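Below is one structure; the comments refer to it alone.
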Amino acid sequence: MALFVSTYANKVDKKGRVSVPATFRKALEAESFNGIFCFESLSKPCLQGGGQSYIEMLQAAIEQEFDPLTDDQDDFATTLLSGSTPLSIDGDGRVTLTQELIEIGGFSDTVTFVGMGGFFEIWEPEAFAAHRAQARVRAKDKRALLLRPRKPAAPAAEEG
């Protein structure tokens with residue numbers, strides 16, 4: 001799976017085209033689809049996205065976690081999979097955001113790409129600045145969680 005790190009602010013032109021950060025494009029090189037998939041975040045006022053392997057991971061998680069034809073499976077598939085928009089990267093390293101994605105994100109002339117490890121987010125810059133400030137306070141208060149000792153994995157039971 002691709003690794004997305006750092007934060008980049010890029011201009012959106014009048015046609016909705018925006019450059020995908022070069023480091024993100026590099027991370028996507030091994031993907032079978034030359035582009036990104038974006039959908040509305042379930043928990044924040046932004047878009048969430050990633051490469052084909054990220055969408056495939058979400059699809060596998062939905063299928064493994066929920067029985068087929070249940071409301072829970074349908075809710076997640078409808079929201080995350082049918083709600084995803086594939087955006088091809090053009091020769092200049094840009095994607096064209098659909099009007100729906102622009103409206104969901106509240107975007108105007110600039111967006112902020114935010115690397116989150118195996119996926120990324122696309123934010124309206126001022127909304128991200130506020131979110132980042134709040135996240136930093138929360139993370140600072142919980143920094144000890146990153147340093148606590150991990151419990152060793154339980155040994156596998158021997159077959160007899």
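Start at 1 with the first residue, then count along the sequence. Because the structure is predicted, anything quoted here is derived from the model rather than measured.
- No path of Ile, Leu, Val, Met, Phe, Trp and Tyr side chains, each step under 4.5 Å between heavy atoms, connects Val137 with Phe128, placing them in separate hydrophobic clusters.
- No donor-acceptor distance shorter than 3.5 angstrom exists from the side chain of Arg136 to the backbone of Ala133, with no hydrogens or angles considered.
- Within a 6.0 Å sphere centred on CZ of Phe76, heavy atoms belonging to other residues, nucleotides or ligands number 12 at most.
- For Glu31, the side-chain hydrogen bond (donor to acceptor under 3.5 Å, both in side chains) partners two or more places apart in sequence, or in a different chain, are Ser53.
- The CD atom of Glu56 lies 7.5 Å from the CD atom of Gln59; values are rounded to the nearest 0.5 Å.
- In this structure, OG1 in Thr112 is found 10.0 Å from CD in Glu126, a value given to the nearest 0.5 Å.
- Between Leu87 and Cys38 the shortest heavy-atom distance is CD1-SG, 4.0 Å.
- Put simply, the side chain of Leu80 does not reach to within 4.5 Å of the side chain of Gln48, judged on heavy atoms.
- Without hydrogens or angle criteria, Asp90 side chain to Gly93 main chain gives a donor-acceptor distance under 3.5 Å.
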Item to complete: Output, in order, the C-alpha distance, side-chain angles, deciding distance and verdict of side-chain contact (heavy atoms from CB on, under 4.5 Å) for Val12 and Ser108.
Response: CA-CA 7 Å; Val12 179; Ser108 56; over 6 Å; no
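- The shortest heavy-atom contact between Phe39 and Ser84 is CD2-OG, 3.4 Å.
- Comment: Lys15 does not engage Asp13 in a salt bridge, judged by the lack of any side-chain N to carboxylate O separation of less than 4.0 angstrom.
- Separation of the Tyr54 and Phe37 ring centroids does not fall under the 6.0 Å cut-off.
- More than 12 non-hydrogen atoms from other residues, nucleotides or ligands lie less than 6.0 angstrom from CG of Asp141.
- Of all non-hydrogen atoms in Leu101 and Leu97, the two that sit nearest each other are CD1-CD2, 4.5 Å.
- In this structure the side chain of Ile89 never reaches within 4.5 angstrom of the side chain of Arg94, judged on heavy atoms.
- In this structure, Leu146 is not a member of the same hydrophobic cluster as Met116, with clusters built from ILVMFWY side-chain heavy atoms closer than 4.5 Å.
- Residues Val5 and Phe24 come closest through the heavy atom pair O-CE1, 3.4 Å.
- Using a 3.5 Å distance cut-off with no hydrogens or angles, the side chains of Tyr8 and Thr23 do pair a donor with an acceptor.
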Discussion item. If you apply the rule side-chain contact (heavy atoms from CB on, under 4.5 Å), what do you find for Phe119 with Ile36, and how did you get there?
Written reply: CA-CA 10 Å; Phe119 66 96; Ile36 60 176; over 6 Å; no
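- Under the 4.5 Å side-chain heavy-atom criterion for grouping Ile, Leu, Val, Met, Phe, Trp and Tyr, Phe120 is connected to Val20 within one hydrophobic cluster.
- Scanning both residues, Glu124 and Gly105, for their nearest heavy atoms gives CB-O, 3.7 Å.
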Discussion item. Glu100 vs Ile104, test: side-chain contact (heavy atoms from CB on, under 4.5 Å). Steps then yes/no.
Written reply: CA-CA 6 Å; Glu100 181 181 17; Ile104 288 169; 3.9 Å; yes
Item to complete: For the pair Ile62 and Gln73, evaluate side-chain contact (heavy atoms from CB on, under 4.5 Å) and give the outcome as yes or no after the intermediate values.
Response: CA-CA 6 Å; Ile62 292 166; Gln73 189 273 346; 4.0 Å; yes
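- From Lys11, atom NZ reaches atom OG of Ser19 across 12.5 Å, with rounding to the nearest 0.5 Å.
- In plain terms, the two heavy atoms of Ser88 and Val95 that are nearest each other are O-CG1, 3.5 Å.
- Taken from CG in Leu28 to CG in Asn34, the straight-line distance is 8.0 Å, to the nearest 0.5 Å.
- In this structure, the side-chain hydrogen bond (donor to acceptor under 3.5 Å, both in side chains) partners of Glu103, at least two apart in sequence or on a different chain, are Gln99.
- Proximity of the aromatic rings of Phe4 and Phe113 is defined here by a centroid distance below 6.0 angstrom, and this criterion is not met.
- Around CG of Leu69, the count of heavy atoms belonging to other residues, nucleotides or ligands within 6.0 Å does not exceed 12.
- With Leu47 as reference, Ile122 is the one residue of Ile102, Val111, Ile122, Thr85 to meet the side-chain contact (heavy atoms from CB on, under 4.5 Å) rule.
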